[in-house]
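When a ligand or atom number is given, it counts from 1 through the structure's own listing order.
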Amino acid sequence: MVIIRTLPEMRAASIVVKRGHRRVALVPTMGALHEGHVALMRRARDGGAAVVVSVYVNPTQFGPHEDFKQYPRDLEADARLCEREGVAAVFAPSDDEMYPGGLQSSVFVEENALARRLEGERRPGHFRGVCTVVAKLFNIVQPDSALFGQKDYQQLKIVQRMVRDLRFPVEIIPVPTVREADGVALSSRNQRLSDAERAQAPVLWKALGITRDLFNQGERNAHQLEAAMSHAVALAPSARLDYAQIADAETLEPVNDAQSGNVALIAAHVGETRLIDNLIL
Ligand code: PAF
């Protein structure tokens, strides 16, 4: 496995792979890799693709009061895990490599429909940063496919839109969320929970489970389903609900009458850490 730090080296490596008639699969990450990322890597390897894992904590997707500085970084540990998983290359570029014109550079990529809601509403500029960096990664790595976890459901849908609208020749492969035994969705941010907070983190998955059970029992009023999520979160003293929404799974528009195939999305702070999760009804 190689660790690549520059754009020309990354492009050259992709060209070599493609000349050998192998596909290149990209797993974009911000590092602090965990079993959720491992699931992406394993799925990426299916069919014999050469897997590139990008490790880059992208400054432009963090708001001024968000955890960019505290975001966990350990490239050595990440590289060891990638090697163990049969990854061909880790692409770990610098800010200069990714933003040659500086972080305020004049060209950004913005999705203007799905990005307005939910995370986008609470984290202005977040998806602009995500789309911009993912577009850059696609240009640099030139992957045939790219894998995204369903935990970040809105991100996945926005990236799919970007690929559709900007005509990127990249197949987006969604991968199911990996969970701890108690239902907590794996996330690099879980590392920041204290033991007491970690004990309350399953509340998001419990709230989604309650909504699913109500839906399966025949409840179709989306506001009732959302209220049930909100009540469930209120029972955990360290948790503070940010949103609980039943939405159309493609447009992310809120619905009044829930239907099979809608998505339930939830975000809550547990202590200082903001967690998100979702479930398709
Ligand atoms: O999901 C993430 O880790 C990031 O948003 C991504 C897709 C790597 C872009 O920085």
Is the closest basic N to carboxylate O distance between [X] and [Y] below 4.0 Å?
| X | Y | result |
| --- | --- | --- |
| D78 | R73 | no |
| R198 | D182 | yes |
| R23 | D46 | no |

Output yes when the distance from some N or O of ligand 1 to some N or O of Q61 is under 3.5 Å, and no in every other case. yes
With respect to Q155, determine whether any N or O atom, backbone or side chain, lies less than 3.5 Å from an N or O atom of ligand 1. yes
Using a cut-off of 6.0 Å, state whether more than 12 heavy atoms not belonging to R5 lie near its atom CZ. no
Find all atoms of ligand 1 within a distance of less than 4.0 Å from any non-hydrogen atom belonging to V133, and give their numbers and elements. 9 (C), 10 (O)
Mark up the atoms of ligand 1 that fall under 4.0 Å of a heavy atom belonging to P28, in ascending order. 8 (C)
Just heavy atoms, cut-off under 4.0 Å: does T29 contact ligand 1 by side chain, backbone, both, or neither? backbone
Non-neighbouring partners of F148 that pass ring pair (Phe, Tyr, Trp, His ring centres under 6.0 Å), sequence neighbours left out: none
